[in-house]
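Whatever order the structure lists ligands and atoms in, that order sets their numbers, starting from 1.
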Amino acid sequence: MHIATLMLLGSGELGREFAIAAKRLGCRVIACDRYANAPAMQVADACEVFSMLDGGALRAAVERHRPDVIVPEIEAIDTATLAELEKEGHRIAPSAKAVQLTMNRDGIRDFAAREMALVTSKYKFAESRDEAIAAAAEVGVPCVVKPVMSSSGKGQSTAKTAADVGPAWDYAVENMRGDRPRVIVEEFIDFDSEITLLTVATKDGTIFCPPIGHRQEAGDYRESWQPAAIPEGALMSARHQARKVVEKLGGHGIFGVEFFIRGDQAIFSELSPRPHDTGMVTLISQFPNEFELHLRAILGLPIPSVELIGPSASAVILASEESEDFAYEGVAEALAVGAPRRPVDLRLFAKPKTLKNRRMGVALARGDNVDEAVERAKTAAGRVRIRYGGK
Ligand SMILES: Nc1ncnc2c1ncn2[C@@H]1O[C@H](COP(=O)(O)OP(=O)(O)OP(=O)(O)O)[C@@H](O)[C@H]1O
Ligand SMILES: NCC(=O)N[C@@H]1O[C@H](COP(=O)([O-])[O-])[C@@H](O)[C@H]1O
Ligand SMILES: [Mg+2]
């Protein structure tokens with residue numbers, strides 16, 4: 001009846017769009033996450049709620065549903081169990097190796113800098129406050145301190161002076177995921193811009209999407225746009241590096257490869273072996289979008305071309321406080337932006353709970369150029385308000 005059964009490990013906003021793409025092509029989708037009613041669970045055939053860092057629970061879920069492909073959607077997964085499952089014949093997308101190396105920053109950074117000889121910022125790892133201070137002395141200040149297991153900027157801060165490094169360690173440890181107090185201390189790169197290069201490893205070779213530009217605040221993205229105008233030399237270098245690392249990680253699927261652009265230089269930052277949050281812009285900017293590309297690559301379906309529809313942008317809608325009693329307001333006003341010529345669109349994630357700075361939605365817009373698209377996406381995002389409790 002179904003063309004394949006896919007098990008999503010992580011069911012956030014990216015998982016929900018992937019699940020929609022998979023449902024449209026006739027797949028059965030099992031959505032897993034650590035909490036109930038996660039975005040992808042809202043559209044899946046079945047769901048499982050458990051900690052994906054618990055290897056026993058993960059194995060039990062896989063054995064219960066016997067998926068054709070296991071599709072990790074977040075970093076915080078017991079990747080040792082995934083590696084075992086792959087050895088036993090289960091398929092992990094794109095590969096257990098890619099998922100294992102990118103689960104923690106130390107894995108992918110050492111792999112990229114040492115094994116692949118890519119250009120990265122200077123970095124050192126630290127496992128105590130004192131080690132972090134020593135690492136910063138070597139790397140230099142300003143420096144960026146991040147837990148090795150985290151994403152969307154959680155636990156990340158920039159130490160401007162040596163005195164900031166101790167508090168940056170404390171902040172990282174308080175906000176990390178998992179149970180391993182370890183940070184990366186990275187040289188601060190004064191870049192011109194930054195991009196995500198969506199790179200699709202397919203059975204017929206590697207495909208690149210037009211680069212996506214983005215602006216980050218507190219380590220999390222605020223707006224993204226496509227195409228990003230960067231020097232030709234930097235784009236060529238980014239493509240070369242992305243191809244090299246993705247092909248070495250193995251398997252088929254989409255990778256979000258992040259670079260800092262400085263002049264003609266593309267400095268490798270990190271990568272996700274899955275759709276990327278800044279790539280949500282592709283929901284409006286290109287066909288197939290990043291979720292459809294991931295699905296086609298995983299299932300070995302053809303991708304004859306990637307068509308850029310036009311300059312486009314996404315802008316995030318964040319919560320400002322913690323609540324389980326909240327409502328979205330202003331949706332009609334947001335969707336009226338640009339009507340009738342160029343309507344904007346929204347994705348509202350309907351997560352069951354807000355947290356300060358938790359991403360609750362995105363606005364999507366096109367424009368005559370990317371600046372206009374960003375402005376329109378921001379205007380629409382700004383019109384959506386989250387009302388808390390009776391306030
Ligand atoms: N060494 C650096 N120099 C300058 N800026 C940096 C550096 N490292 C990180 N940043 C800034 O912080 C942002 C988030 O960093 P990074 O991508 O490493 O974190 P993350 O938590 O993995 O984010 P995500 O999961 O959303 O990709 C970067 O996109 C960049 O804007
Ligand atoms: N940068 C990675 C990223 O954006 N991941 C996306 O955010 C979700 C977690 O959100 P939450 O923290 O609000 O639960 C993940 O499930 C994924 O969809
Ligand atoms: Mg990042």
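- For the pair Asp277 and ligand 2, the shortest N or O to N or O distance falls below 3.5 Å.
- A distance of 11.5 Å separates CZ in Arg387 from CZ in Phe326, rounded to the nearest 0.5 Å.
- When Lys351, Arg359, Arg358 are checked for heavy-atom proximity to atom 10 (O) of ligand 2, Lys351 turns out nearest.
- Looking at Arg177 against ligand 2, only its side chain comes within 4.0 Å, counting heavy atoms.
- Taking atom 8 (C) of ligand 2 as the reference point, the nearest protein heavy-atom neighbour is Glu13 OE1, 3.6 Å.
- Protein heavy atom nearest atom 16 (O) of ligand 2, with residue, atom name and distance: Glu73 OE1, 2.6 Å.
- Because its NZ or CZ atom is not both nearer than 6.0 Å to the ring centre of Tyr221 and within 45° of the ring axis, Arg215 does not count as a cation-pi partner of that residue.
- For Glu270, the N, O or S atom closest to the Mg ion (ligand 3) goes by the atom name OE2.
- Proximity of Lys154 to ligand 2, defined as any heavy-atom pair under 4.0 Å, is confined to the side chain (atoms from C-beta onward).
- Ring geometry, His214 versus His276: the interplanar angle falls from 30° to 60°, so the pair is classed tilted.
- The nearest protein atom to atom 16 (P) of ligand 1, hydrogens excluded, is given as Glu270 OE2, 3.6 Å; this is a heavy-atom distance.
- The shortest contact between atom 5 (N) of ligand 2 and any protein heavy atom is with Leu14 CD1, 3.8 Å.
- Cluster annotation: Leu14 is connected to Leu299 through the hydrophobic network of ILVMFWY side chains, with a link wherever side-chain heavy atoms come within less than 4.5 Å.
- Taking a cut-off of under 4.0 Å to the non-hydrogen atoms of Arg34, the atoms of ligand 2 that pass are 14 (O).
- For the pair Arg358 and Tyr35, the cation sits on the ring face: its NZ or CZ lies under 6.0 Å from the ring centre, inside 45° of the axis.
- Here the two rings, on Phe260 and Phe191, have centers that are under 6.0 Å apart.
- Nearest protein heavy-atom neighbour of atom 2 (C) of ligand 2: Ser152 OG, 3.5 Å.
- Residue Ile74 has at least one heavy-atom neighbour below 4.0 Å for each of these atoms of ligand 2: 15 (C), 16 (O).
- Here the CE atom belonging to Met52 is positioned 8.0 Å from the CD atom belonging to Glu73, to the nearest 0.5 angstrom.
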